[in-house]
Amino acid sequence: MGSEALEFFSCDNNNGFCYETKKNIITEETDNLSIIHDGSWFEEEIDVDLKWSFALNSVLHKGTSEYQDIALLDTKHFGKILVIDGKMQSAEVDEFIYHECLIHPALLCHPNPKNVFIMGGGEGSAAREALRHKSMEKVVMCDIDKEVVDFCKKHLTANHEAFLHKKLNLVINDAKAELEQRQEKFDIIVGDLADPVEGGPCYQLYTKSFYKNILKPKLNDTGIFVTQAGPAGVFTHKEVFSSIYNTTKQVFKYVLAYTAHVPSFADTWGWVMASDQPFCLDAAKLDKKIAERIEGELLYLNGASFFSSTILNKTVAKTLKNESHVYTEDDARFIHGHGLGFRN
């Protein structure tokens with residue numbers, strides 16, 4: 001098992017330290033998973049000297065698909081969490097922060113969004129939020145990994161209605177290939193992709209050539225592209241966030257970076273929104289649009305909080321201003337960890 005592997009380990013309640021204990025390990029293992037059933041924990045290796053651990057109620061699913069290692073875990077603190085290639089993608093109790101920030105700013109900045117193409121988003125949460133917009137006529141969710149989608153459909157009860165919605169068009173395919181072959185254009189294209197890890201299936205969907213030659217031509221004239229852009233904290237924003245921002249700037253006229261703290265990620269997270277039309281950031285106007293356009297009440301986002309999310313701290317803002325790296329197929333940045341392709 002490599003250092004990037006998912007680990008489940010036992011806790012000694014007498015001294016408060018959690019540690020791996022070989023005698024409790026069940027022999028059932030994959031290359032990237034080991035399970036200990038006596039007081040089990042999930043441990044994510046954020047960096048070579050930094051780990052983030054969660055006490056577990058149960059392991060709902062673990063396995064290796066054609067493209068990536070997958071685990072769906074029921075944690076004591078954050079509810080059900082989806083883990084891909086050793087990296088937590090979302091947690092049940094606070095995924096609304098991530099998905100409201102990913103979906104609603106772009107749709108609210110668009111004059112009248114009617115169709116959305118979601119790259120990735122296999123758990124269904126991004127589609128769920130997009131379908132709350134009254135103007136929406138079609139949401140295409142394109143995920144490469146059928147196994148991820150199937151298990152999320154089964155276990156993530158919050159998204160059952162979204163998966164059954166008549167306006168949802170669920171496609172199992174590589175998002176790049178799917179966009180290339182479609183004749184239609186979209187009001188919004190969303191990158192709800194896994195973080196770029198070496199050997200993972202997603203990093204080519206963060207490149208300048210993809211944005212310029214495939215993605216942008218599939219946007220309408222007033223279209224908006226938005227993508228998750230990885231960790232954006234004071235100590236982590238140089239991993240991929242600043243590079244994704246700078247790469248997007250090479251292709252679109254108006255590019256906006258914004259961030260929010262996501263507790264289960266143990267970090268500030270970043271998104272990048274881009275268009276050839278300017279964005280309206282007026283808080284009062286955004287609040288009016290939220291009231292008029294969206295079914296139900298948002299839990300995290302309002303006009304003021306979105307505007308404030310675009311004001312970056314001095315360290316991050318300086319890095320984004322001075323960033324020169326551009327994602328290409330031959331020169332990509334990765335967060336810590338390895339995907340299935342690298343390990344193979």
Engineer: Mind checking whether His133 and His104 have ring centres under 6.0 Å apart?
Structural biologist: yes
Engineer: If I take atom CG from residue Leu82 and atom CD1 from residue Ile70, how far apart are they, to the nearest 0.5 angstrom?
Structural biologist: 8.0 Å
Engineer: Give the other cluster members for Val234, using side-chain heavy-atom distances under 4.5 Å between Ile, Leu, Val, Met, Phe, Trp and Tyr residues; answer none if it is isolated.
Structural biologist: Phe235
Engineer: Sequence neighbours left out, what passes side-chain contact (heavy atoms from CB on, under 4.5 Å) with Ala229? Give chain and number order.
Structural biologist: Phe241, Ile244, Val272
Engineer: Taking atom types as modelled, is there a side-chain donor on Asp192 or Gln228 under 3.5 Å from an acceptor on the other?
Structural biologist: no
Engineer: Measure the acute angle between the ring planes of His155 and Phe151, then classify it against the limits of 30° and 60° as parallel, tilted or perpendicular.
Structural biologist: parallel
Engineer: Are Leu299 and Leu102 connected in a single hydrophobic cluster, I mean Ile/Leu/Val/Met/Phe/Trp/Tyr linked by side-chain heavy atoms less than 4.5 Å apart?
Structural biologist: yes
Engineer: A quick test of your reading: do over 12 heavy atoms of other residues, nucleotides or ligands sit less than 6.0 Å from CG of Asn112?
Structural biologist: yes
Engineer: Restricting to non-hydrogen atoms, name the atom on Pro231 and the atom on Asp267 that form the minimum distance, rounded to 0.1 Å.
Structural biologist: CB-OD2, 3.6 Å
Engineer: For Phe210 and Met119, what are the C-alpha separation, side-chain angles and deciding distance, and is it a side chain to side chain contact (heavy atoms under 4.5 Å, CB included)?
Structural biologist: CA-CA 13 Å; Phe210 172 68; Met119 303 186 295; 3.6 Å; yes
Engineer: Got a list of side-chain donor-acceptor pairs under 3.5 Å for residues 165-173, not counting sequence neighbours?
Structural biologist:
from, atom 1, to, atom 2, distance (Å)
His165, ND1, Lys167, N, 3.0
Lys167, NZ, Met136, O, 2.8
Asn173, ND2, Glu178, OE1, 2.8

Engineer: If only side-chain N and O atoms count, and only distance matters, is there a donor-acceptor pair under 3.5 Å linking Asn220 with Asp187?
Structural biologist: yes
Engineer: Determine the sole option in Tyr258, Phe279, Tyr300 for which the ring-ring contact (aromatic ring centres under 6.0 Å, His included) test with Phe306 is passed.
Structural biologist: Tyr258
Engineer: Are there over 12 heavy-atom neighbours, none belonging to Lys146, within less than 6.0 Å of that residue's NZ?
Structural biologist: no
Engineer: In chain order, what residues pass the side-chain contact (heavy atoms from CB on, under 4.5 Å) check against Glu137, with sequence neighbours excluded?
Structural biologist: Lys114
Engineer: Between Leu286 and Gly303, what is the shortest heavy-atom contact and its length?
Structural biologist: CB-CA, 3.8 Å
Engineer: Check Gly86 against Glu44 and note the closest heavy-atom contact, atom names and distance.
Structural biologist: O-CG, 3.3 Å
Engineer: Looking at Glu295, Glu161, Glu95, which hits salt bridge (charged side-chain N to carboxylate O under 4.0 Å, His left out) with Arg128?
Structural biologist: Glu95
Engineer: Could you check whether any side-chain N or O of Ser275 sits under 3.5 Å from a backbone N or O of Gln277, counting only pairs where one atom can act as donor and the other as acceptor?
Structural biologist: yes
Engineer: Quick check: closest heavy atoms across Ile188 and Pro113, and the distance to 0.1 Å?
Structural biologist: CG1-CB, 4.3 Å
Engineer: For the pair Glu180 and Lys176, find out whether any cationic side-chain nitrogen is under 4.0 Å from an anionic carboxylate oxygen.
Structural biologist: no
Engineer: Please determine whether residues Val251 and Val326 belong to a single hydrophobic cluster, defined as Ile, Leu, Val, Met, Phe, Trp and Tyr linked transitively by side-chain heavy-atom distances below 4.5 Å.
Structural biologist: no
Engineer: If the threshold is 4.0 Å, N to carboxylate O, is there a salt bridge linking Lys154 and Glu147?
Structural biologist: no
Engineer: Test side-chain hydrogen bond (donor to acceptor under 3.5 Å, both in side chains) on Glu323 and Ser243 and set out the steps.
Structural biologist: CA-CA 7 Å; Glu323 181 62 75; Ser243 182; 5.5 Å; no
Engineer: Can you give me the closest heavy-atom contact between Asp145 and Asp143, atom names plus distance?
Structural biologist: N-OD1, 2.9 Å
Engineer: Rounded to the nearest 0.5 Å, how far does CH2 of Trp269 lie from OH of Tyr98?
Structural biologist: 8.0 Å
Engineer: Could you give me the CA-CA distance, side-chain angles and deciding distance for Asn115 and Val140, then say whether side chain to side chain contact (heavy atoms under 4.5 Å, CB included) is met?
Structural biologist: CA-CA 8 Å; Asn115 59 6; Val140 179; over 6 Å; no
Engineer: Distance from Ser209 atom OG to Leu215 atom CG, nearest 0.5 Å?
Structural biologist: 11.0 Å
Engineer: Relative to Tyr211, does Lys216 satisfy both conditions: NZ or CZ under 6.0 angstrom from the six-membered ring centre, and within 45 degrees of the ring's axis?
Structural biologist: no
Engineer: Kindly indicate, with the supporting measurements, whether the criterion side chain to side chain contact (heavy atoms under 4.5 Å, CB included) is fulfilled by Thr227 and Met273.
Structural biologist: CA-CA 7 Å; Thr227 183; Met273 188 165 69; over 6 Å; no
Engineer: Any side-chain to backbone donor/acceptor pair from Thr268 onto His261? Under 3.5 Å, distance only.
Structural biologist: no
Engineer: Kindly state each residue pair satisfying side chain to side chain donor-acceptor pair (under 3.5 Å) with at least one member in residues 308-320, sequence neighbours excluded.
Structural biologist: His237-Thr319
Engineer: Quick one: do Lys289 and Glu292 make a salt bridge, cutoff under 4.0 Å?
Structural biologist: no
Engineer: Should we count CD of Glu297 as having more than 12 external heavy atoms under 6.0 Å?
Structural biologist: no
Engineer: Among Phe42, Phe54, Phe265, which one satisfies ring-ring contact (aromatic ring centres under 6.0 Å, His included) with Phe78?
Structural biologist: Phe54
Engineer: Take Tyr206 and Val240, measure what side chain to side chain contact (heavy atoms under 4.5 Å, CB included) needs, and give me the verdict at the end.
Structural biologist: CA-CA 10 Å; Tyr206 292 95; Val240 297; over 6 Å; no
Engineer: Sequence neighbours excluded, which residues qualify as side-chain contact (heavy atoms from CB on, under 4.5 Å) partners of Leu50?
Structural biologist: Ile46, Asp47
Engineer: Using only atom types and a distance under 3.5 Å, with no angle test, would you say the side chain of Glu129 pairs donor to acceptor with the backbone of Ile103?
Structural biologist: no
Engineer: Under 3.5 Å, is there a donor-acceptor pair between the Asp331 and Thr328 side chains?
Structural biologist: no
Engineer: Using only heavy-atom distances, determine whether the side chains of Glu43 and Trp52 contain a donor-acceptor pair under 3.5 Å.
Structural biologist: no
Engineer: Indicate the atoms forming the closest heavy-atom contact of Ala304 with Ala283, along with that distance.
Structural biologist: N-CB, 3.7 Å
Engineer: Considering the options Thr248, Leu256, Val190, which one meets the side-chain contact (heavy atoms from CB on, under 4.5 Å) requirement together with Val226?
Structural biologist: Val190
Engineer: Above 12 or not: heavy atoms from other molecules or residues under 6.0 Å from NE2 of His77?
Structural biologist: no
